[in-house]
2 protein chains.
Amino acid sequence: MHSYKYPHPSVTVDCVVFGLDEGVLKLLLIKRLLAPFKDKWALPGGFVLMDEDLETAALRELKEETGVDDLYLEQFQAYGKPNRDPRERVITIAYFAIVNLFKYTLKASTDAKEAEWYPVNDLPSLAFDHENIVLNALSKLQNKVLREPLVFEFIPEKFTLPQVQFVYETILQKKLDKRNFRKKLLATGLIEVLEEHETNVTHRAARFHLFNKDEWNKKSRGGLEFRI
Amino acid sequence: MHSYKYPHPSVTVDCVVFGLDEGVLKLLLIKRLLAPFKDKWALPGGFVLMDEDLETAALRELKEETGVDDLYLEQFQAYGKPNRDPRERVITIAYFAIVNLFKYTLKASTDAKEAEWYPVNDLPSLAFDHENIVLNALSKLQNKVLREPLVFEFIPEKFTLPQVQFVYETILQKKLDKRNFRKKLLATGLIEVLEEHETNVTHRAARFHLFNKDEWNKKSRGGLEFRI
DNA sequence: CCAAAAGTGTTAGAGATACACCCATGG
DNA sequence: CCATGGGTGTATCTCTAACACTTTTGG
């Protein structure tokens, strides 16, 4: 198998999985059951199999950890400092992912493994160089959300505009002007207004909307940007 | 060495090296002397050593291939399709790099290895999945040049504004309005105007300018963007 | 009818775009 | 004095930012 004279490190994928849980931006962490960093929290992830694409590996790991197999996933950086894993040389390809916790109502922790959703503003200390990876992923998410309609990955298919605004405010960590926000969002031509309204609210009911993903796919090829 | 039961693929770095040679955006390619893809052109790169950081590996390879050790270098994507290398599983971390061909007057090819600078618009067919990697790097370069002052990596320390404009036009593949371009560039507050002018031109001599990198480093942390 | 959040329009300022002429240099 | 490209100023338009009141709903 290792028929060449070159070094063969281990290669893993690690996923920074974001989700919006009760209005809080959270991150999925797994408690390590084995050394090193036993009992520390870490990013979900694992070894890339020999005949498996990197993205396939990330999807497989996420499916195992969360049961979710329909999510936004994007590779964003490889980490390979020689001693980032005390056991042996491990190079990891990091992905960031968004899980729609409305679609999959797996609100908090998952199955056998000890997994938990932690608020990004209140993370425990993490194993390996995972804190660094998380910081990079967060900053990537903040940049990206301004150029691509990622926010709709966090919320139900039918959503209200205040809901969308709230997601932007949560991710960007700042307040946005309601009127300007709506104008810009609707001006993209990607939002379909429905007749239906939310119910059971103690105030004026907001209208539901849809995001037109097909239209985005068409436009984005033409170099269009989605800016808030 | 391979003391764990997990798979251990080979890991390489590959570099997409851009340079501006006589006003043409070029890319450094190496002719492969060995199978597979013998005699085909490929990206410079090679195996990551066991005790070497990924970026260090990329720098080392570039130093070997070009003699240059002071260049812009950024990791941009890992490629790991199981059969991208016919010999065995090879995962590659791709970097894009910019060589200042004014600073290092190694205009075209390099040393022992058969290396050549090819215009990006007229590339030969490439080994492995390198054509795909190059396309991704190009698009990355085009995006990035709008947000960060990468262009100055291509040109001499002292430059004229028409020279900068030309680099933008070359990379973005479109004409820019001279007056607006200058206004925006100078409005960044990052360009120092010198008294000195170019010489030996058959028309009005352009003034030299400097790019204030320190100022950029300060400002960019504050989230400022450099837009053209 | 009250509380609470949804929804809406206008104005001022900043930045982008479009455009035409004068200037300095070498030959 | 001519050819060549360097250099500048202004008007319009579009996008952004700031801001306050009316509407709908459930209780």
Side-chain angles (χ1 to χ4, degrees), chain A residues 22-23 145-147 149 151 155-156 158-170 172-211 219 222-228, chain B residues 22-23 145-147 149 151 155-156 158-170 172-211 219 222-228:
Chain A
E22 321 250 319
V145 95
L146 292 174
R147 299 179 218 300
V151 287
I155 56 182
K158 289 199 289 193
F159 52 82
T160 67
L161 298 191
Q163 210 171 359
V164 184
Q165 182 174 347
F166 180 80
V167 180
Y168 271 100
E169 290 177 340
T170 303
L172 299 176
Q173 314 237 49
K174 67 173 176 189
K175 284 277 167 205
L176 301 174
D177 181 277
K178 187 179 24 163
R179 289 161 283 200
N180 296 334
F181 178 82
R182 300 175 143 252
K183 260 179 284 178
K184 283 192 228 176
L185 194 64
L186 294 174
T188 62
L190 300 171
I191 307 294
E192 192 179 333
V193 185
L194 300 180
E195 284 309 316
E196 194 182 350
H197 291 67
E198 59 182 349
T199 49
N200 292 325
V201 286
T202 173
H203 52 77
R204 179 169 176 178
R207 294 184 86 159
F208 282 125
H209 297 73
L210 295 175
F211 171 65
K219 287 197 181 174
L224 250 181
E225 290 215 344
F226 181 95
R227 308 200 131 275
I228 290 298
Chain B
E22 322 248 319
V145 95
L146 292 174
R147 299 182 218 298
V151 288
I155 55 182
K158 289 200 288 192
F159 52 82
T160 67
L161 298 191
Q163 210 172 358
V164 183
Q165 183 174 348
F166 180 82
V167 180
Y168 271 100
E169 289 177 340
T170 302
L172 299 176
Q173 314 238 46
K174 68 173 175 189
K175 283 277 166 202
L176 301 174
D177 181 278
K178 187 178 25 161
R179 290 160 283 197
N180 296 333
F181 178 82
R182 299 176 142 251
K183 259 179 286 179
K184 283 191 230 175
L185 195 62
L186 294 174
T188 60
L190 300 171
I191 307 294
E192 190 179 333
V193 186
L194 301 181
E195 284 309 316
E196 195 183 349
H197 291 69
E198 60 182 349
T199 49
N200 292 325
V201 286
T202 172
H203 52 76
R204 179 172 178 176
R207 294 183 88 161
F208 282 124
H209 296 74
L210 294 176
F211 170 65
K219 288 197 181 174
L224 251 180
E225 290 216 340
F226 180 96
R227 310 199 131 272
I228 289 298

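Chain identifiers are assigned alphabetically (A, B, ...) following the order of the sequence lines, protein sequences preceding nucleic acid strands; residue numbering begins at 1 within each chain.
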Exercise. Tell me, please, which residues at least two apart from A:Arg179 pass side chain to side chain donor-acceptor pair (under 3.5 Å).
Key: none
Quiz item: Hey, does the side chain of A:Glu198 reach the backbone of A:Ala205 with a donor-acceptor pair shorter than 3.5 angstrom?
Solution: no
Quiz item: For the base of D:dA17, is there a side-chain donor-acceptor partner from A:Arg179 under 3.5 Å away?
Solution: no
Self-check item: Salt-bridge present (A:Glu195, A:Arg207; N to O < 4.0 Å)
Solution: yes
Quiz item: Taking atom P of D:dG7 as reference, at what distance in whole Å does atom CZ of B:Phe208 sit?
Solution: 11 Å
Quiz prompt | Atom-pair distance (CG on B:Leu176; C1' on D:dG5), nearest Å | solution = 17 Å
Self-check item: Along DNA chain C (nearest heavy atom to each residue), the more 5'-positioned of A:Asp177 and A:Arg204
Solution: A:Arg204
Quiz item: For DNA chain C, which nucleotides open and close the run of contacts to chain B, 5' to 3', at under 4.0 angstrom from a non-hydrogen atom?
Solution: C:dT17 to C:dG26
Self-check item: Strand-adjacent residues in residues 180-187 of chain B, judged by heavy atoms under 4.0 Å from DNA chain D
Solution: B:Arg182, B:Lys183
Quiz item: Can you name the closest pair of heavy atoms from A:Asp177 and A:Asn180 and give their distance?
Solution: OD1-N, 2.9 Å
Quiz item: Roughly how far, to the nearest 0.5 Å, is the CD atom of B:Gln165 from the NZ atom of B:Lys175?
Solution: 7.5 Å
Quiz item: Are any side-chain N or O atoms of B:Glu192 and backbone N or O atoms of B:Leu210, one a donor and one an acceptor, separated by less than 3.5 Å?
Solution: no
Quiz prompt | Separation of D:dT8 C1' from B:Lys178 NZ (nearest whole Å) | solution = 9 Å
Practice problem: Please list, chain by chain and in numerical order, all residues satisfying side chain to side chain contact (heavy atoms under 4.5 Å, CB included) with A:Gln173, sequence neighbours excluded. | Solution: A:Asn121, A:Gln142
Quiz item: Heavy atom of residues 190-200 of chain B under 4.0 Å from DNA chain D: which residues?
Solution: none
Quiz item: Do any pairs count as a ring pair (Phe, Tyr, Trp, His ring centres under 6.0 Å) and have a residue in residues 179-199 of chain B, sequence neighbours left out, and if so which ones?
Solution: B:Tyr168-B:Phe181
Quiz item: Over how many whole Å does the gap from B:His203 atom NE2 to D:dC1 atom C1' extend?
Solution: 18 Å
Quiz item: For the pair made of CZ in B:Phe166 and P in D:dG6, what is the distance, rounded to whole Å?
Solution: 12 Å
Quiz item: Hey, what do you get for NE2 (B:His209) to CD1 (B:Ile155), rounding to the nearest 0.5 Å?
Solution: 11.0 Å
Quiz item: Once you round to the nearest 0.5 Å, how far does NZ of B:Lys183 lie from NZ of B:Lys178?
Solution: 12.5 Å
Quiz item: Rounded to the nearest 0.5 Å, what separation is found between the CG atom of A:Leu161 and the CZ atom of A:Phe208?
Solution: 11.0 Å
